[in-house]
Amino acid sequence: SKLKISAVTASDTFSVGSEPTLRLQVVNPGPQPCVQDLADAQVELLVYNGESRVWGSHDCQIQPGTDLRTLAVGQPVQVSITWTGLSSQPQCAGTRQRVGAGTYTLYAKLSGQTGTSVQFSIK
């Protein structure tokens with residue numbers, strides 16, 4: 001619960017039609033190393049356009065399994081997910097559509113705990 005979680009993008013700006021690399025970054029600020037599961041089921045990325053939820057990494061599938069990693073003190077560890085640039089809804093409901101130009105916010109969650117968000121643009 002003391003881990004520092006943040007959303008990170010590979011760039012501040014992406015092109016319409018590209019597949020942005022989105023990341024969750026976690027840092028262990030504690031006094032000693034700790035072990036954290038960084039498997040897909042524990043890592044969730046969400047993209048919003050203003051108040052509207054556009055995409056979630058758990059909407060259409062979640063990879064099973066565990067990925068236990070030892071987090072050294074103060075060393076950032078990142079988990080990357082490539083977003084297709086298509087919208088999605090929970091349970092993969094509705095029609096997936098290419099998102100348009102605009103400003104978006106990426107939120108990162110680790111085991112249900114939300115970290116700091118980051119904004120990026122699609123042009």
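Values in this document were obtained by computation on a predicted structure and should not be read as measured data.
- Side-chain contact between V43 and K109: absent, with no pair of heavy atoms (C-beta onward) separated by less than 4.5 Å.
- H58 places no side-chain N or O within 3.5 Å of a backbone atom of Q91 that could act as its donor or acceptor partner.
- Residue P20 comes nearest to S18 through the heavy atom pair CD-O, 3.3 Å, listed as atom of the first residue, atom of the second, then distance.
- Proximity of L110 to Q36: side-chain heavy atoms (C-beta onward) are separated by under 4.5 Å at one or more points.
- Under a hydrophobic-cluster definition in which Ile, Leu, Val, Met, Phe, Trp and Tyr are linked whenever side-chain heavy atoms come within less than 4.5 Å, directly or via other members, V16 and V99 are assigned to the same cluster.
- T66 places no side-chain N or O within 3.5 Å of a backbone atom of L68 that could act as its donor or acceptor partner.
- Q75 has its side chain out of reach of N28: every pair of non-hydrogen atoms, C-beta onward, lies at least 4.5 Å apart.
- Checked by atom type and distance alone, the side chain of S87 pairs as donor or acceptor with a backbone atom of Q97 at under 3.5 Å.
- Taking 4.5 Å as the limit, every side-chain heavy atom of L106 sits out of range of all side-chain heavy atoms of W83.
- Minimum heavy-atom separation, Q25 to P76: CD-CB, 3.7 Å.
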Using side chain to side chain contact (heavy atoms under 4.5 Å, CB included), reason through Q61 and C92 one step at a time and then give a plain yes or no. CA-CA 8 Å; Q61 71 177 30; C92 221; over 6 Å; no

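- Under the rule for a side chain to side chain donor-acceptor pair (under 3.5 Å), E44 has no partner lying at least two apart in sequence or in another chain.
- A 4.5 Å side-chain heavy-atom check between W55 and Q89 finds every atom pair outside the cut-off.
- For D59, the side chain to side chain donor-acceptor pair (under 3.5 Å) criterion is met by R53, S88, not counting sequence neighbours.
- Residues S80 and R23 have side chains that bring a donor and an acceptor to within less than 3.5 angstrom of each other.
- The hydrophobic cluster containing L45 does not contain V27, counting ILVMFWY residues as joined when their side-chain heavy atoms lie under 4.5 angstrom apart, directly or transitively.
- Once rounded to the nearest 0.5 Å, the distance linking CG of D40 with CD1 of I81 reads 5.5 Å.
- Atom NZ of K4 and atom CD of Q113 lie 12.5 Å apart (nearest 0.5 Å).
- Inter-residue side-chain proximity for L71 and L3 is flagged as met; some heavy-atom pair is nearer than 4.5 Å.
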Go through the steps for I5 and T114 under the test side chain to side chain contact (heavy atoms under 4.5 Å, CB included), then give the verdict. CA-CA 7 Å; I5 302 160; T114 303; over 6 Å; no

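- Between Y107 and V47, every side-chain heavy-atom pair lies at or beyond the 4.5 Å cut-off.
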Please test E19 against T82 for side-chain hydrogen bond (donor to acceptor under 3.5 Å, both in side chains), starting from the C-alpha separation and ending with a verdict. CA-CA 6 Å; E19 295 192 355; T82 300; 6.0 Å; no

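- V79 and V26 fall within a single hydrophobic cluster, where Ile, Leu, Val, Met, Phe, Trp and Tyr are joined by side-chain heavy atoms under 4.5 Å apart, directly or via other members.
- Contacts of R69 classified as salt bridge (Lys or Arg N to Asp or Glu O under 4.0 Å), with partners at least two apart in sequence or in another chain: D67.
- Residues L38 and V77 meet the side-chain proximity criterion, which asks for heavy atoms closer than 4.5 Å.
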Could you walk me through whether Y104 and Y48 pass ring pair (Phe, Tyr, Trp, His ring centres under 6.0 Å), step by step? CA-CA 6 Å; Y104 296 85; Y48 280 76; over 10 Å; no

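- Between the CG atom in D12 and the OG1 atom in T103 there is a gap of 11.0 Å [rounded to 0.5 Å].
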